[in-house]
Amino acid sequence: MVCWDPRIEEMPQEELERMQYKLLKSLVYRLYSFSPFYHDRMKEQKVHPDDIRELSDVTKLPFMFKRDLRDGYPDKIFTASQEELVRYHVSSGTTGKPTVVGYTQNDIDLWTTSLARALTSCGLGRGDVIQVSYGYGLFTGGLGLHYGAERIGATVLPTSVGNTERQIELMQDLGSTAIACTPSYLLHMGEVAEKMGISIKKETKLRTGILGAEPWTEGMRNRIQDWLGIKAYDIFGTSELSGPMFTECAEQKGIHIWSDIALTEIIDPRTEEPVAPGEKGELTVTILRKEALPMIRYRIGDITSMDDSPCPCGRTHPRIQRITGRVDDMLIIRGINVFPSQVEYALMGIPEVGQHFQIVVERKGALDDMLVRVELNRESFSDKITDIMAIRQKIEHRLRNSLNVMAEVELVETGSLPRFEGKSKKVIDKRSL
Ligand code: ADP
Ligand code: ZN
């Protein structure tokens, strides 16, 4: 195993926890003294920095929510002055009003270090050409990956999103060995390449995908890997944490969260109590060293579980499992909870189904109606109405079994559903329009 920083990445867990405690304690003192926002929050919660006597005392601290950042728009809760900032990013605002994140030079360095370790753990390094097809600009993905890739000595091809045919030509001409983008964009790229008569698997040097910024499933991973001949790794982050920060290692068994950077809790969103390792709950993160926009117990809203068993790769840092959705992503259909990822999971197990689907929910009378539009594989598309009916029934049956709710299925032609360059929108909920 090659580590970017073996001293930290292989550090025994007890040592890491001691380090986390020290960092947490000094963070809390600093914010109590210098941040009016955190000072007031701690007072309200009746907790003083002296009450933090061991790592588990983190649970005494108040939570922080996205709405706190919105209320503080644009920079009211920053703990660095504008002169100290070297950059701003603005979140994509997929769940409401955008939020602004400011960075000091140390914040950028920490983010870059986190990605340098992560990209190294995916087997990347000097000699690789990393095509960064995340958006450059206000979105954190492009610039974040760009700096991380440069830090490990790779060569960056900063294509950003869009202009897909040109991206594919450059991928061939400059020999990209890795690509960083959303899984939806890579699917789109694969299709465009095929239309151009190019097989990414056979006619490019691409062997690694660093894919994230939106939920995707194991089924989708397997399809992408087989189709494009690459290993696809999950990458996770949010703009409030800095941006995309953490990835899976070569084992592909969960995303390592560097303990010296982040203290992770998984809690039950209703009781706000921690859940046991392996159980699903809401990801809550304290970034232990952040200067401009500190985050204590930030309720990210993503649903996952924690695995602190030793990773076969030898890194001692805990892993979170694939994000299955957001607390606010959950659709309630006739009283039953449905996550879009469950739909994807069920669909990807059906060989005739293509890569793209869309969920449309509307209220008809007093009842919720869920329609799933599904693209079939080109090979499975047939003129014979009886074949099509049989496939449709199979999909409806599979969905009903795995979701416990009836969904109507509409089969649509390959290529007819919208394609996305950044984050995809798989759900149209007409009830909320
Ligand atoms: P916004 O909330 O405005 O979209 P971000 O661009 O920071 O802001 O998006 C972060 C969110 O994107 C995460 O909270 C999560 O819901 C989603 N996300 C990012 N990476 C992944 C991933 N690998 N798997 C699932 N969801 C992800
Ligand atoms: Zn590992």
Side-chain angles (χ1 to χ4, degrees), residues 1-4 6 9-10 65-67 69-70 73 89-101 111 115 117-118 120-123 134-135 137-145 180-186 209-218 220-221 232-259 282-285 293 295 298-304 307-330 339-341 344 420 422-427:
M1 173 184 66
V2 179
C3 282
W4 173 255
E9 289 171 58
E10 296 170 6
F65 297 87
K66 187 135 192 155
R67 62 170 178 269
L69 294 165
R70 293 203 181 110
Y73 183 88
H89 278 290
V90 182
S91 92
S92 48
T94 35
T95 56
K97 187 175 166 188
T99 50
V100 178
V101 182
W111 180 17
L115 277 176
R117 290 183 200 164
T120 307
S121 80
C122 300
Y134 277 120
L138 294 176
F139 178 56
T140 51
L143 284 166
L145 264 301
C181 60
T182 59
S184 337
Y185 190 48
L186 189 56
I210 306 292
L211 311 180
E214 62 181 9
W216 55 309
T217 57
E218 275 307 296
M220 187 62 88
R221 185 207 313 260
Y233 298 98
D234 197 7
I235 179 165
F236 175 77
T238 81
S239 53
E240 299 81 23
L241 303 186
S242 281
M245 274 194 126
F246 308 110
T247 68
E248 294 175 311
C249 63
E251 299 290 329
Q252 296 180 311
K253 291 200 177 89
I255 296 173
H256 281 284
I257 308 283
W258 311 120
S259 300
E282 183 181 348
L283 178 63
T284 302
V285 173
L293 184 55
M295 289 285 154
Y298 183 56
R299 299 275 293 266
I300 296 185
D302 292 316
I303 298 164
T304 181
D307 182 356
D308 53 10
S309 66
C311 182
C313 78
R315 291 177 182 80
T316 47
H317 299 240
R319 287 163 289 158
I320 54 165
Q321 293 309 308
R322 199 178 268 287
I323 308 277
T324 51
R326 299 178 55 88
V327 176
D328 48 17
D329 236 16
M330 191 175 75
F339 284 98
S341 60
E344 179 172 308
F420 297 92
K423 293 175 188 245
S424 60
K425 260 206 167 63
K426 298 206 172 86
V427 180

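In each ligand, atom 1 is the first atom listed, and ligand 1 is the first ligand listed. The first residue of the sequence shown is numbered 1, and numbering continues consecutively from there.
Using a 4.0 Å cut-off between heavy atoms, T238 contacts ligand 1 through both its backbone and its side chain.
Looking at every heavy atom in both residues, M245 comes nearest to W111 through CG-CD1, 3.7 Å.
Put simply, CZ on R322 and OG1 on T304 are 10.0 Å apart, with the number rounded to the nearest 0.5 Å. Note that CG of D329 is 7.0 Å distant from CZ of F339, once rounded to the nearest 0.5 Å.
Residue contacts with ligand 1: I235 is placed with a nitrogen or oxygen under 3.5 Å of a nitrogen or oxygen of the ligand (distance criterion only). For ligand 1, one of its N or O atoms has an N or O atom of R326 under 3.5 Å away. For the pair A213 and ligand 1, the shortest N or O to N or O distance falls below 3.5 Å.
Ligand 1 lies less than 4.0 angstrom from a heavy atom belonging to K66. Assignment of G141 to the shell around ligand 1 is not supported, since no heavy atom sits closer than 4.0 Å.
Under the 4.0 Å criterion applied to side-chain N and carboxylate O atoms, E282 and R299 are assigned as salt-bridge partners.
Every atom of ligand 1 with a heavy atom of S239 under 4.0 Å away is listed here by number and element: 7 (O). The contact set between ligand 1 and I300, taken as ligand atoms under 4.0 Å from a residue heavy atom, comprises 14 (O). Of all atoms in ligand 1, listed by their number and element, those nearer than 4.0 Å to a heavy atom of I323 are 24 (N), 25 (C). Every atom of ligand 1 with a heavy atom of F139 under 4.0 Å away is listed here by number and element: 6 (O).
When K253, R319, R221 are each tested for a salt bridge (Lys or Arg N to Asp or Glu O under 4.0 Å) with E248, only one passes: R221. Checked against T99 for a side chain to side chain contact (heavy atoms under 4.5 Å, CB included), the options R67, H89, K66 give a single hit: K66. The side chain to side chain contact (heavy atoms under 4.5 Å, CB included) test with P318 is passed by exactly one of I255, D307, D308: D308.
Side chains of E214 and S424: a donor on one and an acceptor on the other come within 3.5 Å.
Between NE2 of H256 and SG of C249, the angle at the Zn ion (ligand 2) works out to 110°, rounded to 10 degrees.
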